[in-house]
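Chain naming here is simple, since letters A, B, ... match the order of the sequence lines and numbering starts at 1 in each. All heavy atoms count here, side chains included; hydrogens, waters and symmetry mates do not. Just so you know, these numbers come straight off a predicted model, no measurement behind them.
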Amino acid sequence: MSDTQKTFYITTPIYYVNDAPHIGHSYTTILADVLTRFHKLAGEDTFFLTGTDEHGQKVQQAADKAGVSPKEHCDVYAKRFQDAWRDLNIGFDKFIRTTDPEHIAYVQGIFQQLWDRGQIYEKEYEGWYSVGEERFFTEKELVNGMDPISGRPVEKVREKNYFFKMSAYQDWLLKYIEEKPDFILPDFRRNEVLGFLRQPLNDLCVSRPKSRLAWGITLPFATDYVAYVWVDALFNYRSAVDGKVFSGGAPVWPADYHLLGKDILTTHAVYWTTMLKALDMPQPKHILAHGWWMFDNARMSKTTGNVVNPMSMKEKYGVDVFRYFLIREMVVGQDASFSEEALVQRMNSDLANDVGNGLSRILKLAATGLESRLTPVASVGEEAAALRKAAGEAVAGALEKVKALKLSFAIEDTLQLIRAVNRYLEVKAPWKLAKEGEAGKGKLNTVLYHAAEALRIGFSLLHPVMPSKMGEALAALGVEYSGVLGAEPSITSLQWGKFGFSRPLGQGVNLFPRVENISGHAAGKSKAGGTLTDGAAPSAPVDPFSLVHLKVARIENVEDHPNADSLYVLQLRIGEEARTVCAGLKKHVGKEALLGQDVVMVYNLKPANLRGVESRGMILAAESEGGKVLPVSPEGAASGDDVKATDTPFAPKADLTLKEFEKSPLTVKSGLVCYRDRPLQSPRGPIRAQAADGTAVR
RNA sequence: GGCGGGUUAGCUCAGUUGGUUAGAGCAGAGGAAUCAUAAUCCUUUUGUCCGGGGUUCAAAUCCCUGACCCGCUACCA
């Protein structure tokens with residue numbers, strides 16, 4: 001291999017070993033696999049890394065519970081990922097486990113280097129420690145002075161820890177990302193990171209004392225501490241390829257792509273990059289955050305009677321169809337929605353009708369007219385030349401789109417070629433030639449050769465997405481093919497004229513059988529109209545106010561928020577129940593005026609943490625134009641009464657979000673609080689507000 | 001509330017630096033053909049390019065504004 005040999009190193013996140021592999025893991029890993037296979041097809045030297053993250057408290061706990069060592073526990077659970085990837089035709093080059101001795105030694109080496117370079121310092125740290133969660137929380141994270149996750153008490157603990165000087169690299173990183181527009185992809189994620197970096201950045205605590213967490217990598221310069229799991233985990237990308245070179249001699253690091261879900265973008269874009277910078281190591285070329293698969297459970301359950309687990313689709317329709325759907329349907333970076341209907345739709349129209357049927361008709365024609373044997377052809381007609389041109393365009397277009405990460409468009413380009421083959425057959429009508437017997441044989445061979453050659457190139461282009469099915473398809477065209485993960489098509493196989501004539505074509509190959517029913521639900525052409533992707537009736541619009549649960553509450557105590565200028569912390573009594581609620585009334589109403597008052601609150605609002613105090617609900621107040629804000633008053637009602645709007649259904653939703661609540665506009669009309677002209681009522685009377693008509697209430 | 005993105009055919013989306021009759025796939029309608037997985041091929045839709053202003057010879061594209069949706073973020077409760 002020469003110096004100009006192009007190389008490609010791609011990574012997935014390492015998955016937390018306790019997790020069960022789900023569609024999120026699968027999508028990332030399939031995407032990495034497809035990209036790798038495409039780059040390999042384009043003639044590049046590739047390296048594909050995935051693995052498992054095996055340190056941390058939860059692993060230790062799970063192991064303790066099972067009565068095995070953490071390592072034994074990990075051995076069992078890491079295998080679930082390896083098995084899952086094997087089942088999904090994923091051909092990674094290395095599966096790293098953070099408990100691998102090489103990785104542990106590497107991370108220790110990193111810590112020593114950072115320490116030697118003065119990038120890590122020790123600091124007495126005083127914070128709120130939750131025994132339940134075995135971790136610290138910042139003042140800001142605490143909710144009512146309690147652990148925000150478990151709700152259990154926290155204690156103030158003073159402890160020494162080691163910190164990485166992350167803040168020192170803030171300006172550098174900001175500039176770096178600004179200067180490299182394609183470093184973080186897609187660009188809207190890049191903007192989010194830039195926004196994040198324009199706020200003050202803290203140093204990063206990179207150690208945990210063993211007294212609290214023993215299952216981790218021991219720090220070389222402080223043996224009673226282990227590495228913070230994120231540092232441990234991130235360096236897998238580096239440790240896995242330490243000292244490794246491609247066949248051309250180029251080092252594998254830096255990675256071309258780190259693939260990841262949008263939820264872990266900050267750790268990669270900020271922690272990882274600054275640590276590499278502190279070590280003078282090259283940065284990865286791109287960090288790509290992809291979207292989520294969404295599920296419309298309501299619709300799924302309506303049409304098929306149950307919620308479909310997407311992972312079961314690979315058993316039901318085959319691994320390659322599953323891979324095809326995920327790659328074809330999702331625009332990299334965006335969210336996409338998963339439904340069985342859409343998958344079947346894709347499979348039928350793209351794979352069965354175009355790809356599978358296209359192959360099928362050629363095989364049959366060759367079998368009946370030419371004993372399944374094709375021979376080289378010299379003459380090239382006008383249509384054949386056009387087909388050849390289409391093949392060239394498909395190859396160029398698809399490879400270019402892969403480079404731009406537009407995989408669904410690369411697939412579309414390839415399907416154009418397959419459709420061109422079907423069109424070519426229509427024009428040439430080889431079935432007529434087949435009926436001419438010996439006289440038509442030469443022409444028949446010519447037509448089928450060109451069609452088969454175009455299909456061969458199309459199948460080679462689809463191979464990265466559907467390795468086993470396209471392997472079968474290529475074999476049916478007589479291409480020597482020795483397995484799914486072995487002999488992939490090469491760059492030369494994308495050239496016209498590489499058809500091998502030594503083997504007969506296959507017979508009776510049905511690559512993608514059409515599916516007419518899904519779980520008893522009609523999936524074929526529907527005479528009643530409507531499409532499959534839009535098969536379900538639109539759900540009846542729900543009155544947004546019906547989701548809201550309002551209750552009368554009495555203010556039993558008012559205090560200033562310890563941490564915010566405009567907030568009060570109110571203790572409310574709702575019937576028998578006591579709640580803490582924050583209210584942004586400090587600038588509008590005196591404490592005395594609130595104390596003992598009855599108010600109306602949004603009872604089912606999702607709890608929120610406001611500057612360290614959990615607020616479980618919200619007081620309704622009228623907001624006059626002059627900026628005056630006054631709580632509304634439930635005349636004569638008793639604490640705990642429900643408040644409803646007349647003639648409005650009542651079906652409160654748990655954990656209503658503020659956004660959902662704001663879909664119900666409340667206004668004042670003749671001194672009464674109304675929802676769309678319907679006055680709000682407690683069982684004992686209307687809700688009043690001292691404000692002009694039209695004043696918004698929230 | 002702040003910042004950013006979006007709104008194009010029934011559905012999912014393309015539309016480069018403003019330039020002629022605004023596109024693809026799927027779905028629908030009509031037709032041809034019969035080698036093939038009731039598959040294929042051809043033809044086909046009246047799209048207020050979210051609304052309203054403006055700049056320009058010319059705007060889906062640029063500017064302002066309004067509505068709705070989404071992401072991040074916040075002393076939103």
Side-chain angles (χ1 to χ4, degrees), chain A residues 186-196 198-199 262 265-266 291 328-331 334-337 342 345-346 348-369 406 408-409 411-413 415-416 419 421-435 444 447-448 451 508-516 524-527 529-535 561 563-570 580-587 601-602 605-621 658-659 661-663 698:
Chain A
D187 55 355
F188 62 91
R189 295 285 168 216
R190 170 177 175 264
N191 284 338
E192 286 172 15
V193 174
L194 286 172
F196 179 83
R198 289 191 180 110
Q199 296 170 336
K262 58 191 180 184
L265 178 57
T266 304
R328 176 67 183 79
E329 203 73 4
M330 185 179 265
V331 173
Q334 314 278 97
D335 289 348
S337 65
Q345 167 82 52
R346 276 284 173 223
N348 281 344
S349 68
D350 292 359
L351 299 179
N353 295 357
D354 289 345
V355 178
N357 181 50
L359 173 67
S360 200
R361 52 199 311 207
I362 288 174
L363 295 185
K364 186 65 188 290
L365 288 163
T368 50
K406 296 184 173 179
S408 49
F409 297 98
I411 289 175
E412 185 52 38
D413 279 5
L415 285 182
Q416 288 295 348
R419 292 187 195 112
V421 172
N422 276 323
R423 226 172 295 133
Y424 173 76
L425 290 180
E426 216 61 42
V427 174
K428 291 296 190 181
W431 44 92
K432 286 180 183 160
L433 300 171
K435 285 173 185 158
L444 180 61
V447 172
L448 293 187
V509 175
N510 189 345
L511 282 181
F512 303 104
R514 280 181 63 87
V515 171
E516 303 297 347
K525 285 189 180 176
S526 162
K527 291 283 179 201
T531 67
L532 285 173
T533 46
D534 189 27
H561 191 295
N563 242 334
D565 298 335
S566 64
L567 300 179
Y568 282 133
V569 179
L570 309 179
T580 305
V581 167
C582 296
L585 295 171
K586 203 157 158 183
K587 289 174 183 162
M601 70 176 297
V602 184
L605 197 67
K606 188 178 177 184
N609 181 9
L610 294 177
R611 293 282 283 202
V613 175
E614 184 187 51
S615 178
R616 299 187 56 221
M618 170 170 150
I619 305 293
L620 290 190
L658 195 59
K659 269 190 178 174
F661 171 68
E662 283 169 352
K663 284 181 181 165
R698 57 158 290 179

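Remark: the separation of the P atoms in B/U43 and B/U17 is 32 Å, to the nearest Å. A gap of 24 Å separates the P atoms of B/G10 and B/G53, to the nearest Å. Here, B/U7 and B/A74 have their P atoms 27 Å apart, quoted to the whole Å. When the P atom is compared between B/A14 and B/A58, the two are found 30 Å apart, to the nearest whole Å. With both ends at atom C1', the span from B/G23 to B/U16 equals 14 Å, rounded to whole Å. Using C1' as the reference atom, B/C41 and B/C35 are 13 Å apart when rounded to the nearest Å. Here, B/A9 and B/G15 have their C1' atoms 14 Å apart, quoted to the whole Å.
Summary of the strand contacts: A/N353 and A/R361 both lie near RNA chain B, and taking for each the nucleotide with the nearest heavy atom, the more 5' one is attributed to A/R361. Closest-nucleotide positions on RNA chain B for A/N510 and A/R189 were compared, and the one nearer the 5' end corresponds to A/N510.
Shown here is A/K262, whose NZ atom has more than 12 heavy atoms of other residues, nucleotides or ligands within 6.0 Å.
A/R419 and A/D354 are joined by a salt bridge, as a carboxylate oxygen and a charged side-chain nitrogen come within less than 4.0 angstrom of each other.
Contacts of A/A352 with the nucleic acid, taken as non-hydrogen atoms under 4.0 Å apart, include base atoms.
Not one side-chain nitrogen or oxygen of A/R346 sits closer than 4.0 Å to the OP1 or OP2 atom of B/C26. Phosphate contact (OP1/OP2 of B/C75, side-chain N/O of A/R611, threshold under 4.0 Å): present. An OP1 or OP2 oxygen of B/C35 is reached within less than 4.0 angstrom by no side-chain nitrogen or oxygen of A/K428. Contact annotation: A/K659 reaches the phosphate of B/G71 (side-chain N/O to OP1 or OP2, under 4.0 Å).
Between the side chain of A/N422 and the base of B/C41, no donor-acceptor pair under 3.5 Å is found.
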Steps toward salt bridge (Lys or Arg N to Asp or Glu O under 4.0 Å) verdict (A/E192, A/R189)
CA-CA 5 Å; A/E192 286 172 15; A/R189 295 285 168 216; 3.0 Å; yes
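Panel note: side chain A/R611, backbone A/A564; no donor-acceptor pair is recorded below 3.5 Å.
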Let's test your reading of the pairing rules: Watson-Crick or G-U wobble, both distances under 3.5 Å, then write RNA chain B as a dot-bracket string with ( ), [ ], | and dots.
(((((((..((((.....[...)))).(((((.......))))).....(((((..]....))))))))))))....
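In this structure, A/W431 places its CH2 atom 13 Å from P of B/U40, rounding to the nearest Å.
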